[in-house]
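Every chain is numbered from 1, with letters handed out A, B, ... down the list of sequences.
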2 protein chains.
Amino acid sequence: MSLPASVKLVEVGARDGLQNEAQPVSSADKIRLIDDLSIAGVGYVEVGSFVSPKWVPQMAGSQDVFAGIQRRAGTTYAALTPNLKGFELALQAGADEVAVFAAASEGFSQRNINCSIRESIQRFEPVMSAAAEAGVRVRGYVSCVLGCPYDGEIAASQVANVARDLHAMGCYEISLGDTIGTGTPGATRNLFETVAQHIPRDQLAGHFHDTYGQALANIYAGLLEGIQVFDSSVAGLGGCPYAKGATGNVATEDVLYLLNGLGIHTGIDLDALIQAGNRISALLNRPSGSRVARARSSQLD
Amino acid sequence: MSLPASVKLVEVGARDGLQNEAQPVSSADKIRLIDDLSIAGVGYVEVGSFVSPKWVPQMAGSQDVFAGIQRRAGTTYAALTPNLKGFELALQAGADEVAVFAAASEGFSQRNINCSIRESIQRFEPVMSAAAEAGVRVRGYVSCVLGCPYDGEIAASQVANVARDLHAMGCYEISLGDTIGTGTPGATRNLFETVAQHIPRDQLAGHFHDTYGQALANIYAGLLEGIQVFDSSVAGLGGCPYAKGATGNVATEDVLYLLNGLGIHTGIDLDALIQAGNRISALLNRPSGSRVARARSSQLD
């Protein structure tokens with residue numbers, strides 16, 4: 001097994017992360033965060049989402065955030081767009097790419113978006129058509145790929161079916177999300193092997209939560225499976241919505257430290273990334289969720 | 001690469017862990033912790049160390065702790081014994097096994113024990129002879145195997161030399177310790193491959209610190225290299241003496257969760273282990289250092 005020479009990190013802290021933080025963050029502070037990230041060399045940033053502010057009040061200012069950021073050449077700025085209205089707003093705001101999402105678990109789909117997996121995927125069809133027409137690439141997220149808070153274990157074949165549907169609709173990359181962080185490396189390998197029977201490995205991404213401390217081991221297992229794209233959240237922004245006070249998204253700093261140690265290129269500067277994470281953590285009045293950031297800030301010398 | 005069917009976890013929380021906690025813990029509370037651990041099925045517990053109380057005041061009561069524990073069949077109770085006097089006291093106290101230690105780095109050896117690596121190993125010769133005579137097995141620890149706070153990077157060949165010396169002296173198992181937690185899985189694989197050229201893999205153990213969040217990824221890399229023994233500390237007891245406020249020893253709960261997920265047998269009950277870790281964490285008035293324990297205690301349902 002040979003490791004990939006380079007990896008793309010998809011930074012979800014400003015969207016997935018801040019959306020799950022209890023404390024609201026102003027558009028100005030989000031802009032600062034995103035600019036800090038792009039200056040650190042992050043090549044892909046989820047900027048916000050265009051959903052009803054009734055559902056996700058933390059994302060109300062996504063238009064302002066897009067308008068305020070300093071666009072850096074080489075960085076892709078993306079938005080989550082669950083419907084056609086959202087897609088049109090994202091396009092107006094200047095999103096480079098958009099993303100849609102489905103659950104691998106019926107229980108999660110029903111409770112999270114009030115419809116079956118199949119219905120949720122059908123609802124994205126207008127977005128996919130409009131995106132194709134506008135020449136905008138669409139990324140697909142699948143949640144609960146290694147376990148569901150309602151349905152428990154999820155078969156890899158079921159994940160493969162959902163991933164295949166999103167891929168067949170036109171998603172250029174499918175991010176497989178361990179939403180509750182219960183996965184371990186053996187299950188991760190099995191998952192990627194199963195899904196890769198239907199979708200090329202270079203169109204798959206891993207999205208791991210560190211709730212049970214397993215995220216980096218799972219990412220390492222993914223790298224050994226030839227996966228080259230991973231989602232992460234600077235400073236571990238977001239916590240875990242299913243276990244109050246516990247860790248959620250794996251911290252980008254920790255993933256980058258792993259990749260640097262393995263000699264895998266990302267284009268991101270660790271020190272600048274840690275600074276970006278520490279700044280937003282200070283603003284949220286909480287310690288960084290990154291162990292690397294905490295170790296670096298607390299060195300005795 | 002096939003994973004081992006079973007793994008021995010060496011529980012170092014009561015010794016290595018508590019020794020590095022700022023708050024002193026009474027002998028009665030240490031006894032309770034060790035009994036909790038053996039009831040949970042932990043098969044190997046480091047009970048204490050027989051060093052001068054001038055150096056390590058937290059270990060002053062090791063004799064009382066040995067006298068107070070309820071010995072469980074199938075559990076090995078061990079002690080750290082840096083010299084002959086300590087070895088004799090450990091034997092009187094009823095230690096089943098003892099351990100000695102050396103650094104892989106000259107800088108660490110000089111600053112930590114005031115002598116060269118070679119001198120430190122020679123000083124253990126009387127312990128090794130007495131142990132051989134008494135029929136007591138001796139475990140060897142090597143510290144700083146993936147980096148040193150003073151010397152920086154450490155060559156795997158240098159670690160192999162120190163490990164080989166300890167093995168040649170009669171240590172039945174050599175535990176390779178990433179004392180500052182800077183190692184990543186590629187370096188870990190290289191380390192085990194290098195040392196395994198001199199010592200059989202089933203006589204090697206991994207001792208990983210989670211300071212940079214890499215411990216479980218490194219343990220997974222070790223498992224893939226055929227390593228079957230890992231040291232860990234319940235609730236992550238001990239913190240990191242080289243980075244104040246940062247994580248030190250990897251939490252046993254998190255390692256066990258990883259191993260359970262991989263279907264690897266340990267004989268340890270996760271729920272009972274979490275209870276043991278939560279009890280000592282409450283006593284120390286701090287949150288558990290185990291992500292698994294925190295996730296389990298904070299589940300919303």
Side-chain angles (χ1 to χ4, degrees), chain A residues 1 3 146-147 149-150 180-189 209-221 223-224 236 239-248 250-251 253-264 287 289-301, chain B residues 1 3 146-147 149-150 180-189 209-221 223-224 236 239-248 250-251 253-264 287 289-301:
Chain A
M1 284 185 251
L3 297 168
L146 290 169
Y150 312 113
I180 55 172
T182 53
T184 43
T188 299
R189 289 177 72 169
H209 280 209
D210 207 25
T211 317
Y212 292 78
Q214 311 293 311
L216 290 192
N218 290 336
I219 289 172
Y220 183 55
L223 291 167
L224 291 172
C240 176
Y242 303 99
K244 213 177 162 167
T247 311
V250 66
E253 297 91 322
D254 299 359
V255 181
L256 181 58
Y257 187 94
L258 172 79
L259 297 171
N260 285 349
L262 292 167
I264 295 172
S290 157
R291 296 200 171 195
V292 168
R294 292 207 302 274
R296 283 285 176 92
S297 340
S298 62
Q299 269 165 356
L300 298 179
D301 57 358
Chain B
M1 284 184 251
L3 297 168
L146 290 168
Y150 312 113
I180 55 172
T182 52
T184 43
T188 299
R189 289 177 73 169
H209 281 210
D210 207 25
T211 318
Y212 292 78
Q214 311 292 312
L216 290 192
N218 290 336
I219 289 172
Y220 183 56
L223 291 166
L224 291 171
C240 177
Y242 304 100
K244 213 177 162 164
T247 312
V250 66
E253 298 91 321
D254 299 359
V255 181
L256 181 58
Y257 187 94
L258 171 79
L259 297 171
N260 285 348
L262 292 168
I264 295 172
S290 158
R291 296 200 171 195
V292 169
R294 292 206 302 273
R296 284 283 177 92
S297 337
S298 61
Q299 268 164 356
L300 298 180
D301 56 358

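Ring pair Tyr212(A)/Tyr257(B) is parallel by interplanar angle, where below 30° counts as parallel and above 60° as perpendicular.
Looking at Asn218(B), its side chain never comes within 3.5 Å of a backbone N or O of Thr188(B) through a donor-acceptor pair.
Comparing Ala187(B), Pro185(B), Ser290(B) by heavy-atom pairs within less than 4.5 Å of chain A, the highest count is held by Pro185(B). Counting heavy-atom pairs under 4.5 Å between each of Ala251(A), Gly213(A), Pro287(A) and chain B puts Gly213(A) at the top.
Contacts of Ala293(B) with chain A are absent, with no heavy-atom separation under 4.5 Å from either backbone or side chain. Both the backbone and the side chain of Asp210(A) come within contact range of chain B, each with at least one heavy atom under 4.5 Å from a heavy atom of that chain. Both the backbone and the side chain of Thr182(A) come within less than 4.5 Å of a heavy atom in chain B.
Between Val250(A) and Leu216(A) there is a side-chain heavy-atom pair separated by less than 4.5 Å.
Distance check, rounded to the nearest 0.5 Å: CG of Leu258(A) to CD1 of Ile264(A) gives 7.0 Å.
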Stepwise, does the side-chain contact (heavy atoms from CB on, under 4.5 Å) test hold for Leu262(A) with Tyr220(A)?
-> CA-CA 10 Å; Leu262(A) 292 167; Tyr220(A) 183 55; 4.1 Å; yes
